[in-house]
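Index from 1, following the sequence. No hydrogens, no waters, no symmetry mates; every other heavy atom, side chains included, goes into these values.
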Amino acid sequence: SFLSAMTFINFDLDMLKIGCAVSLKPFSRFVLKLAAILVVLLIVVIIHIVWVSVRHNCRFRMRMTSLIGVLGTILMAFLTSIVNITIIPLQCWTHPNLLRTVVRYPTVICWEDQEHQVMMALSALFMLIPLAFVAGCCFVVYIYPKRVQNMDTAFLHAFAFLFFHC
């Protein structure tokens, strides 16, 4: 159904029912969500490397625009999901006894557990992905007029996900 597809887009690994086969602690579930982001990007890069090696005689420099375009499209499509995952440790709920726990993982005590501190560190590290993407997009938009003026078609092809929409 549509809602099931949306949980997949949000990297909600709970829909895979991993907990039925293996008992995972909240920290492990959080790390798996973060790792899923990297795995998706890594798979795209591996497919690109194999494709360019086989079909284009290892001319990676010439085919880099395609990789930038695909990675940019994926990051743009999943930007909100990636940010939502990385801010999970910041979403704390205050209980009646004034204990604060992570909303998604109620067994993790905010700002006191070492588990939460590690989750925060990983969250800060992974937040660099969307921040770098947005900063890169801002830079590309900044240099866009000059590149168009120079008729740089490779630039337009690489960053079509930013400028040309169907």
Side-chain angles (χ1 to χ4, degrees), residues 1-90 104-105 118-148 150-166:
S1 74
F2 179 73
L3 291 178
S4 296
M6 294 311 291
T7 58
F8 178 72
I9 289 172
N10 284 321
F11 296 96
D12 189 0
L13 301 176
D14 294 335
M15 74 174 244
L16 298 175
K17 307 286 188 222
I18 295 173
C20 293
V22 178
S23 177
L24 294 175
K25 291 184 176 184
F27 176 76
S28 299
R29 291 189 353 230
F30 178 68
V31 169
L32 278 175
K33 286 183 181 196
L34 294 176
I37 297 166
L38 292 179
V39 167
V40 167
L41 297 175
L42 186 63
I43 287 172
V44 170
V45 171
I46 290 170
I47 290 171
H48 177 77
I49 289 170
V50 170
W51 184 256
V52 171
S53 297
V54 172
R55 299 279 294 158
H56 299 283
N57 298 324
C58 296
R59 286 183 265 160
F60 293 103
R61 191 169 180 84
M62 290 179 58
R63 304 304 303 172
M64 187 58 74
T65 56
S66 299
L67 180 62
I68 292 169
V70 170
L71 290 175
T73 301
I74 290 170
L75 285 170
M76 185 172 274
F78 291 104
L79 185 65
T80 303
S81 299
I82 293 170
V83 170
N84 283 341
I85 291 168
T86 57
I87 65 170
I88 286 174
L90 291 171
R104 195 73 180 257
Y105 307 118
V118 175
M119 287 172 79
M120 287 297 297
L122 286 172
S123 179
L125 181 67
F126 270 79
M127 188 54 87
L128 294 176
I129 295 171
L131 288 175
F133 176 70
V134 171
C137 289
C138 290
F139 177 73
V140 168
V141 169
Y142 175 75
I143 64 173
Y144 176 77
K146 185 76 170 168
R147 293 295 184 97
V148 170
N150 293 338
M151 294 186 195
D152 187 349
T153 56
F155 174 84
L156 293 175
H157 177 70
F159 299 103
F161 67 92
L162 282 175
F163 304 114
F164 308 110
H165 299 283
C166 297

Taking only distance into account, with no hydrogens and no angle test, what donor-acceptor pairs under 3.5 Å do side-chain atoms of residues 54-72 form with protein atoms, sequence neighbours excluded?
unit_1 : atom_1 : unit_2 : atom_2 : d
Arg59  : NE     : His56  : O      : 3.1
Arg63  : NH2    : Ser66  : OG     : 3.4

For this session: Look up atom CZ in Arg104 and atom CE in Met119, then write down how far apart they are to the nearest 0.5 Å.
Result: 10.5 Å
Problem set entry | Nearest-0.5 Å distance, CG of residue Leu75 to CD1 of residue Ile37 | 9.5 Å
For this session: Identify the residue among Val40, Leu41, Val45, Val39 that makes a side-chain contact (heavy atoms from CB on, under 4.5 Å) with Ile43.
Result: Val39
If you look only at distance, which donor and acceptor atoms sit under 3.5 Å apart when one is on a side chain in residues 151-159 and the other is two or more places apart or in another chain?
unit_1 : atom_1 : unit_2 : atom_2 : d
Asp152 : OD1    : Ala154 : N      : 3.4
Asp152 : OD1    : Phe155 : N      : 3.1
Asp152 : OD2    : Arg147 : NH1    : 2.9

State which residues pass side-chain contact (heavy atoms from CB on, under 4.5 Å) with [X]; sequence neighbours excluded, sorted by chain then number.
X: Leu122; result: Phe27, Phe30, Val31, Leu34, Val118
X: Leu42; result: Ile46
X: Ser28; result: Leu24, Lys25

Exercise. Is there a side-chain contact between Tyr105 and Ile88, using heavy atoms and a 4.5 Å cut-off?
Worked result: yes
For this session: Applying ring-ring contact (aromatic ring centres under 6.0 Å, His included), name anything that partners Tyr144, two or more places apart in sequence or on another chain.
Result: Phe163
